[in-house]
Enquirer: 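My questions all concern the structure below.
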Amino acid sequence: MDDRMNKSDKEAMEKEEKATVATDDEPEINYRGWKAMPFIIGNETFEKLGAIGTLANLLIYLTTVFNLKSITAATMINVFNGTTNFGTLVGAFLCDTYFGRYKTLGFATAASFLGLLAIQLTAAIPELHPHRCAAKESGECEGPTAGQLAFLLMGLGLMIVGAGGVRPCNLAFGVDQFNPKTEAGKRGIDSFFNWYFFTFTFAQMVSLTLIVYIQSNVSWAIGLGIPATLMFIACVVYFVGSKIYVKVKATGSPMTSVAQVIVVAIKKRKLKPVEQPWLSLFKYFPPKSINSKLPYTDQFRFLDKAAIVTPQDEIKGDGSPADPWRLCSLQQVEEVKCLFRVLPIWASQIMYCVTLVQLHTYAVFQAVQSDRRLGNSNFKIPAASYVVFMMLSLTIFIPVYDRAIVPFLRKIRGKEGGITILQRIGIGMFVSIFTMLVSGMVEQHRRSIALTKPTLGVVPRKGAISSMSASILIPQFILGGLTEAFASIGLIEFYYKQFPENMKSIGGSLFYCGLAGSNYFSSLLIFIIHRTTNRTAAGNWLKEDLNKGRLDYYYYIIAGLGILNLGYFLLCASWYKYKGNGDNTPELELHVNGEKQQSDKP
């Protein structure tokens, strides 16, 4: 870990964090810094182990224990992931507006535990799942009853509620424990990010190897009981430390300001645009605002009308508008423009993330019908565990990128980050196209071997196991990790930096909403491919038995859509203006009371 994490530096941080921060209008805040971290990091570690430990192998659980068809299970997973990710937007709104992070996290962690417990009971109690399907190549198996499916969906629903509160709040809640106005607090925040992503990596490693192995080879009841137990421990650890947490209260939704600008712009839509808007539009900056002051930009100029002062508009003595639903400030307008500028980029994320969805669904089915034996032994690597290579690729490449690639590019290009955020995202999208092309070629090879050479047995209700080694699937997972290292991390950084400071939780939720859109779009794409190809002479591309389908064609279609999406992204990126970069209008000089002053126009 970072050198800053040595014992003496930690003690210095904690000593400085003990200092209270107070103003005339605000109560004292006792930042406990690292003293709160054993509870927060411990809670996050157990929470991630519990959630990932269940979700990592859920696709296999639905097909083997609940006897669902592959296409039904994949669609169910896509809808679940999509709803879970969209739920983060609701969670962020409720957290900022009503409950605050502490209460939201406490409720969400408890909901996650109840959800995991319900799913574990479906495996432990025979009456809550259908009879096990006989080991045969084809034929219909007994599916779940309405009651069994309802109980499973209840568990998944509770997990959706839990994830909706945990994902947008847990990282921010940890940062709340440090004083951002002191050097010790700033160093503590940097170190906390390191520990946060370390626990995430650790949880993924354990979940995709040990827990998945227990689920696949020992017992589903035990394998799902372990995540539920870990989630219960997460709840206990979280509430034990409640007395020392800094609990930031809800301050109201920043979306209210967004709504005001849109409403006022519509009301004043018939007004003529003003000349030199950077001078003429109404200016007011709240003294306690945490947002940085933004310069005027000439994009989305229809929103400028919300800041045009009319004779009917009243202004208070402190300079604020008497009715914010009739007059908005230039600052408010520019904050909304930040949001509007990000949305086209966000739309491109939906298609990009479809590649990641396939690596967690159909790529796992590829592994199921491949030779997963480790060397000459009889030990078989669980199909879901191959996703760990995607995570390892990401984890290994990040320090290489930061320590070698960025400094090299910085010398050549003279930019602090070596390349811009949007350039980084574009590289990731290009790699995602290559990922799907490689996946298609590997599937074509796997299928050819299965049809022309001796097989290694039969997977119940699927088909023959190809003698192709599943290790050949590793390159597509490695490429998937690289595309995440560029595009996914770039998108998270992009949303964080381009949103106004009071919309950071909304910005964090936007990434998950993009994932949600990808899951829904992937489900729609599967439905269209299934219905369309089922009528052709060649037959359904996405059959239960991959050997009889054409999954490779499906991958190639996604690659083609990715090319179109990359073109759309490049157009949006060429048009985009980064937050804080105003227009290049010449700076004007104003003379007020005989003194020369500079205009607010950057």
Enquirer: Which residues pass the ring pair (Phe, Tyr, Trp, His ring centres under 6.0 Å) test with W575, not counting sequence neighbours?
Expert: F300
Enquirer: Could you pull out all residues at least two apart from T75 that satisfy side chain to side chain donor-acceptor pair (under 3.5 Å)?
Expert: none
Enquirer: For F86, which residues count as a ring pair (Phe, Tyr, Trp, His ring centres under 6.0 Å) partner, sequence neighbours excluded?
Expert: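 Testing F86 for ring pair (Phe, Tyr, Trp, His ring centres under 6.0 Å), a comparison that skips the adjacent residues, returns Y520.
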Enquirer: For F173 and Y245, take the angle between the two ring planes, folded into 0 to 90°, and tell me which bin it lands in: parallel under 30, tilted 30 to 60, perpendicular over 60.
Expert: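 Geometry flag for Y245 against F173: perpendicular rings.
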Enquirer: For the pair S329 and F285, evaluate side chain to side chain contact (heavy atoms under 4.5 Å, CB included) and give the outcome as yes or no after the intermediate values.
Expert: CA-CA 8 Å; S329 66; F285 192 80; over 6 Å; no
Enquirer: Can you measure from CG (L570) to CZ (F430) and round to the nearest 0.5 angstrom?
Expert: 11.0 Å
Enquirer: Quick one: salt bridge (Lys or Arg N to Asp or Glu O under 4.0 Å) partners of E334, sequence neighbours excluded?
Expert: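 Result, salt bridge (Lys or Arg N to Asp or Glu O under 4.0 Å) vs E334: K337.
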Enquirer: Can you see which heavy atom on Q312 is nearest to which on R326, and at what distance?
Expert: CB-NH2, 3.7 Å
Enquirer: Taking only residues two or more places apart in sequence or in another chain, which ones pass side chain to side chain donor-acceptor pair (under 3.5 Å) with E275?
Expert: none
Enquirer: S320 and F282: which non-hydrogen atoms are nearest, and at how many Å?
Expert: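 Scanning both residues, the minimum pair turns out to be C-CZ, 4.4 Å.
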Enquirer: Looking at residues at least two apart in the chain, or sitting in another chain, which of them share a ring pair (Phe, Tyr, Trp, His ring centres under 6.0 Å) with F521?
Expert: none
Enquirer: Is the ring pair F113/F232 parallel, tilted or perpendicular, if the boundaries are 30 and 60 degrees?
Expert: tilted
Enquirer: Are any side-chain N or O atoms of Q423 and backbone N or O atoms of T420, one a donor and one an acceptor, separated by less than 3.5 Å?
Expert: yes
Enquirer: Check whether the ring centres of F486 and Y401 lie less than 6.0 Å apart, and answer yes or no.
Expert: yes
Enquirer: Quick one, I425 and Y352 - any side-chain contact, counting heavy atoms below 4.5 Å?
Expert: no
Enquirer: Quick one: do L156 and M76 satisfy side chain to side chain contact (heavy atoms under 4.5 Å, CB included)? Show the steps, please.
Expert: CA-CA 10 Å; L156 294 175; M76 190 172 177; 3.8 Å; yes
Enquirer: Please confirm whether the backbone N or O of F239 pairs with a side-chain atom of K243, one donor and one acceptor, at under 3.5 Å?
Expert: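 Checking the backbone N and O of F239 against the side chain of K243, no donor-acceptor pair under 3.5 Å is found.
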Enquirer: Excluding sequence neighbours, so at least two apart, what forms side chain to side chain donor-acceptor pair (under 3.5 Å) with Y284?
Expert: none
Enquirer: With a 4.5 Å limit on heavy-atom distance, are the side chains of L491 and I421 in contact?
Expert: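 No, their side chains stay 4.5 Å or more apart.
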Enquirer: Rounded to the nearest 0.5 Å, how far does CD1 of I563 lie from OG of S432?
Expert: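 Between atom OG of S432 and atom CD1 of I563 there are 10.0 Å.
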Enquirer: Which atoms form the tightest heavy-atom contact between R424 and E493, and what is the distance?
Expert: NH1-OE1, 4.0 Å
Enquirer: Hey, are the side chains of C572 and L422 touching, using non-hydrogen atoms and a 4.5 Å cut-off?
Expert: no
Enquirer: Within the structure provided, determine whether P273 and F302 are in side-chain contact (heavy-atom separation under 4.5 Å).
Expert: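 They are not in contact (no side-chain heavy atoms under 4.5 Å apart), so the answer is no.
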Enquirer: Looking only at atom types and distance, does a side-chain atom of N565 sit under 3.5 Å from a main-chain N or O of L561, one as donor and one as acceptor?
Expert: no
Enquirer: Can any side-chain N or O of T88 pair as donor or acceptor with the backbone N or O of N85 at less than 3.5 Å?
Expert: yes
Enquirer: Rounded to the nearest 0.5 Å, what's the gap from CD1 on I350 to SG on C513? Could you check?
Expert: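 So the CD1 of I350 and the SG of C513 are separated by 9.5 Å.
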Enquirer: In the structure I gave you, are the side-chain heavy atoms of L394 and I489 within less than 4.5 Å of one another anywhere?
Expert: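 Heavy-atom side-chain distance check passes, below 4.5 Å.
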Enquirer: Just by distance, do the side chain of Y512 and the backbone of T84 share a donor-acceptor pair under 3.5 Å?
Expert: no
Enquirer: Side chain to side chain contact (heavy atoms under 4.5 Å, CB included) for Q349 and I345? Distances and angles first, verdict last.
Expert: CA-CA 7 Å; Q349 179 196 342; I345 302 294; over 6 Å; no
Enquirer: Give me the atom names and distance for the closest heavy-atom approach of V166 to L105.
Expert: CA-CD2, 3.8 Å
Enquirer: Quick check: closest heavy atoms across S257 and E335, and the distance to 0.1 Å?
Expert: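 For S257 and E335, the tightest heavy-atom pair comes out as OG-OE1, 4.4 Å.
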Enquirer: Going by ring pair (Phe, Tyr, Trp, His ring centres under 6.0 Å), name the residues that satisfy it together with Y495, two or more places apart in sequence or in a different chain.
Expert: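 Once residues adjacent in sequence are excluded, Y495 has no partner under the ring pair (Phe, Tyr, Trp, His ring centres under 6.0 Å) criterion.
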Enquirer: Do Y576 and F569 have ring centroids that are under 6.0 Å from one another?
Expert: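 Not under 6.0 Å, so no.
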Enquirer: About how many Å separate NZ of K305 and CG of L281, when rounded to the nearest 0.5 Å?
Expert: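 L281 CG to K305 NZ: 12.0 Å, rounded to 0.5 Å.
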Enquirer: Which distance, rounded to the nearest 0.5 Å, do you find between the CZ of F499 and the OG of S509?
Expert: 9.5 Å
Enquirer: Can you name the side chain to side chain contact (heavy atoms under 4.5 Å, CB included) partners of A118, sequence neighbours left out?
Expert: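 F151, M154.
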Enquirer: Between the main-chain N or O of Y238 and the side-chain N or O of S242, is there a donor-acceptor pair closer than 3.5 Å?
Expert: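 A pair under 3.5 Å: no.
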Enquirer: For a side chain to side chain contact (heavy atoms under 4.5 Å, CB included) check, start with the C-alpha distance between L294 and V333, then their side-chain angles and the critical distance, and finish with the verdict.
Expert: CA-CA 10 Å; L294 300 176; V333 171; over 6 Å; no
Enquirer: About how many Å separate CD of Q331 and OH of Y296, when rounded to the nearest 0.5 Å?
Expert: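 It comes to 14.5 Å.
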Enquirer: Say whether Y98 and T104, considering side chains only, have a donor N or O and an acceptor N or O under 3.5 Å apart.
Expert: no
Enquirer: Is there a donor-acceptor pair under 3.5 Å between the side chain of W346 and the backbone N or O of L510?
Expert: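 Checking the backbone N and O of L510 against the side chain of W346, a donor-acceptor pair under 3.5 Å is found.
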Enquirer: Report the residues that fulfil side chain to side chain donor-acceptor pair (under 3.5 Å) with R341, sequence neighbours left out, ordered by chain and then residue number.
Expert: T297, Q299
Enquirer: With sequence neighbours excluded, what pairs up with D323 under the salt bridge (Lys or Arg N to Asp or Glu O under 4.0 Å) test?
Expert: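 Checked D323 against salt bridge (Lys or Arg N to Asp or Glu O under 4.0 Å); zero matches.
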Enquirer: Looking at S348 and M429, what are the two nearest heavy atoms and their distance?
Expert: OG-CE, 3.4 Å
Enquirer: Write out all pairs satisfying salt bridge (charged side-chain N to carboxylate O under 4.0 Å, His left out) with one or both partners inside residues 307-319, taking only residues at least two apart or from two chains.
Expert: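 Only K268-D313 qualify under salt bridge (charged side-chain N to carboxylate O under 4.0 Å, His left out).
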Enquirer: Measure from the side-chain N and O atoms of R301 to the backbone N and O of D298, and report whether any donor-acceptor pair falls under 3.5 Å.
Expert: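 The answer is yes, because a donor-acceptor pair under 3.5 Å joins these two groups.
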Enquirer: Determine yes or no for a side-chain-to-main-chain donor-acceptor pair under 3.5 angstrom, with S574 supplying the side chain and L571 the backbone.
Expert: yes
